[in-house]
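The structure under discussion appears below in the form of structure tokens.
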Amino acid sequence: MSHANLIAGEWVHGSDAVRNINPSDTTDLVGEYDRASAAQVEDAIAAARAAAPAWARTTVQQRAELLEKVGLEIMARRGELADLLAREEGKTLPEAAGEVGRAGQIFKFFAGEVLRIPGERLGSVRPGIDVEITREPVGVVGLITPWNFPIAIPAWKVAPALAYGNCVVLKPAELVPGCAWALADIIHRAGFPPGVFNLVVGRGSVVGEKLVSDSRIDAISFTGSVPTGRGILEKAAKRGAKVQLEMGGKNPLVVLADADMETAVRCALDGAFFATGQRCTASSRLIVEQAVHDKFVAGLTEALRKQVVDDARKQGTTIGPVVDQNQLDQDMRYVDIGKQEGARLVVGGERLNREKSGYYLAPALFDNTRNDMRINREEIFGPVASVIPVKDYDEALAVANDTSFGLCSGVVTTSLKKAAHFRRNVETGMVMVNLPTAGVDYHVPFGGRKGSSYGSREQGRYAVEFYTQVKTAYVMQS
Ligand code: UN1
């Protein structure tokens, strides 16, 4: 039952362990995962440092083959890993299988990208000189990942890090160490040299803190909450480390009067409530034009009543449990806040009892909300969404942009003109037309603006920006 940390190519036990509990059934212990001590984190960093020069010099073919191997094993074990993911995080099995598939594809994608590391050769402004611009690894990267995508987010940080020749120390979320441990085991057996990839499970205050403050870590990539992200930025910037942060959103989905209602309801249901609303890309603000307001609210309410909230691994479940007691308390606190602010709770928001003792919450929809309410300003990170009625498109766009976040946005409309205007003028890093705000491809850049993100983009070939550093060479022609 116990799972060790991977340090310098060895499985190293810790003195205490995290108990990984199934949120669908709190009597089910998924496993125990050893916590790394501060000294063990230092060992992991030292191992990564020691492995870095040789790893940076490996051929692109060597790295491509290793990444391909990892991607293929993830794909081959998709069902089993999806079951583990659903069991530890509470996503439904189909959602979990989608996520595992995405993780496998990411490794395969970066196995290809290794062969396409970009460079440039330019003429010099001076005679007889060539200028060559190349990309080199950053060195050792510390990766800190959240609980809501237990395998995909580690994959989309680890795969590019390794592809571009960096060594890695990964700290997964304590709530869901199972998938990260399985990924570490796959990477270990694939044959990466010792120290190239290290896994250290533990608390943010011990393990995260060490990664952020240790001068041997050249770059930190973090996905998680705004306060933690800001704290990381302050500390890491002070010592000059490269930082990339992805911190969530308050994503608007705009439903215009000319929208296809079926599409609008489908986008809202998926974007706001699937994966239990626990996505930084979730559509938590549903901005609806007055003319179709009643129809939209009625349609979404009906769709919500049909949802089956139950054990994530049970056939027929459409929405799994909330991840843990803390998150459940937070979600229910916001349901109360919404009521106190004068929003109308149309449906849901109550604790549900099921056969097994899990953190079940009925998906909640608020109506008659204003954009200045706390439920529309602060990220809730659960199955709770608000309808904000607006009189026309101009007001919808203004409300969509009136937020401190800027990760993702969506518009549902049949007007090409309005869709084009929205795409151009919405202040988010990603924008969806007639599609849910959540659920992104694995081969294109991911990231936001304003308070949602910091640093260069993740994923796709844009990941090269964070995981490499540029060298400009001037060469005298012989
Ligand atoms: C998606 O919507 O498919 O933490 C991905 C998150 C994001 C990933 C969302 N970093 O929810």
Side-chain angles (χ1 to χ4, degrees), residues 82 85 89-92 94-106 109 143-160 170-173 175-176 179-180 220-229 232 244-253 266-284 319-320 322-323 327 330-331 379-385 405-410 428-432 435-460 462-463 466:
L85 200 166
E89 199 268 352
K91 252 173 227 192
T92 64
E95 288 171 337
E99 184 182 335
V100 173
R102 186 194 292 196
Q105 296 291 2
I106 287 169
F109 174 83
L143 308 178
I144 303 176
T145 56
W147 52 259
N148 66 328
F149 282 84
I151 195 160
I153 295 183
W156 85 44
K157 293 186 194 296
V158 171
L170 169 67
K171 179 217 164 309
L175 264 180
V176 294
C179 286
I220 298 276
S221 181
F222 164 84
T223 300
S225 73
V226 173
T228 308
I232 288 176
Q244 178 182 60
L245 307 172
E246 212 283 282
M247 299 173 288
K250 200 69 201 168
N251 310 294
L253 177 74
R266 190 162 21 85
C267 288
L269 176 66
D270 178 333
F273 299 104
F274 286 171
T276 321
Q278 300 175 147
R279 293 187 282 194
C280 57
T281 46
S283 334
S284 46
I319 296 178
V322 172
V323 77
Q327 186 60 51
Q330 172 163 319
D331 296 349
E379 188 175 48
I380 302 171
F381 221 65
V384 183
F405 293 103
L407 185 60
C408 196
S409 57
T428 54
M430 297 174 290
V431 52
M432 315 294 193
L435 286 166
T437 56
V440 298
D441 285 5
Y442 63 82
H443 68 306
V444 290
F446 179 94
R449 298 183 183 177
K450 299 192 206 165
S452 286
S453 302
Y454 178 89
S456 55
R457 289 286 186 262
E458 299 196 77
Q459 299 211 75
Y462 288 69
F466 182 73

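Just so you know, these numbers use all the heavy atoms, side chains as well, and skip hydrogens, waters and symmetry mates. Just follow the structure's listing: the first ligand is 1, and inside any ligand the first atom is 1.
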Quiz item: Should Trp156 be listed as contacting ligand 1, given a heavy-atom distance under 4.0 Å as the test?
Solution: yes
Quiz item: Quick check, are the ring centers of Phe109 and Trp156 under 6.0 angstrom apart?
Solution: no
Quiz prompt | Nitrogen or oxygen of Phe446 less than 3.5 angstrom from that of ligand 1 | solution = no
Quiz item: With atoms numbered from 1 as shown, which atoms in ligand 1 lie under 4.0 angstrom from a non-hydrogen atom of Val440?
Solution: 1 (C), 3 (O), 5 (C)
Self-check item: Interatomic distance, Ile380 atom CD1 to Asp331 atom CG [nearest 0.5 angstrom]
Solution: 7.5 Å
Quiz item: In terms of atom number and element, which parts of ligand 1 are under 4.0 angstrom from non-hydrogen atoms of Ile153?
Solution: 4 (O), 10 (N)
Exercise. Drop me the distance from Glu95's CD to Ile319's CD1, to the nearest 0.5 angstrom.
Key: 8.0 Å
Quiz item: What pair of heavy atoms forms the shortest contact from Ala385 to Ala272, and how long is it?
Solution: CB-CB, 3.9 Å
Quiz item: Taking atom CG of Asn251 and atom SG of Cys408, what is their separation to the nearest 0.5 Å?
Solution: 5.5 Å
Self-check item: Under 4.0 Å to a heavy atom of Ala438 - the qualifying atoms of ligand 1, by number
Solution: 2 (O)
Practice problem: Determine whether any heavy atom of Arg102 lies closer than 4.0 Å to an atom of ligand 1. | Solution: yes
Quiz item: Looking only at heavy atoms, which two atoms of Arg457 and Gly448 are closest? And how far apart?
Solution: NH1-O, 3.1 Å
Quiz item: Using a heavy-atom cut-off of under 4.0 Å, does the side chain or the backbone of Glu246 touch ligand 1, or both, or neither?
Solution: side chain
Quiz item: Is NZ or CZ of Lys91 both nearer than 6.0 Å to the six-membered ring centre of Phe149 and within 45° of the ring axis?
Solution: yes
Quiz item: Please state which protein non-hydrogen atom is closest to atom 9 (C) of ligand 1 and give its distance, to 0.1 Å?
Solution: Thr281 OG1, 3.5 Å
Quiz item: Is it the side chain (CB and beyond), the backbone, both or neither of Glu458 that lies under 4.0 Å from ligand 1, heavy atoms counted?
Solution: neither
Quiz item: Ala438 and Thr281: which non-hydrogen atoms are nearest, and at how many Å?
Solution: CB-OG1, 3.2 Å
Quiz item: Under 4.0 angstrom from ligand 1, any heavy atom of Gly439?
Solution: yes
Quiz prompt | Inter-residue atom distance Glu379.CD - Cys280.SG, 0.5 Å rounding | solution = 7.0 Å
Exercise. State the atoms of ligand 1, each with its element, that fall below the 4.0 Å cut-off from a heavy-atom position in Asn148.
Key: 4 (O), 6 (C), 11 (O)
Quiz item: Going by the atom numbers of ligand 1, which of them fall below 4.0 Å from some non-hydrogen atom of Arg279?
Solution: 11 (O)
Exercise. Return the residue, atom name and 0.1 Å-rounded distance of the protein heavy atom closest to atom 7 (C) of ligand 1.
Key: Cys280 SG, 2.6 Å
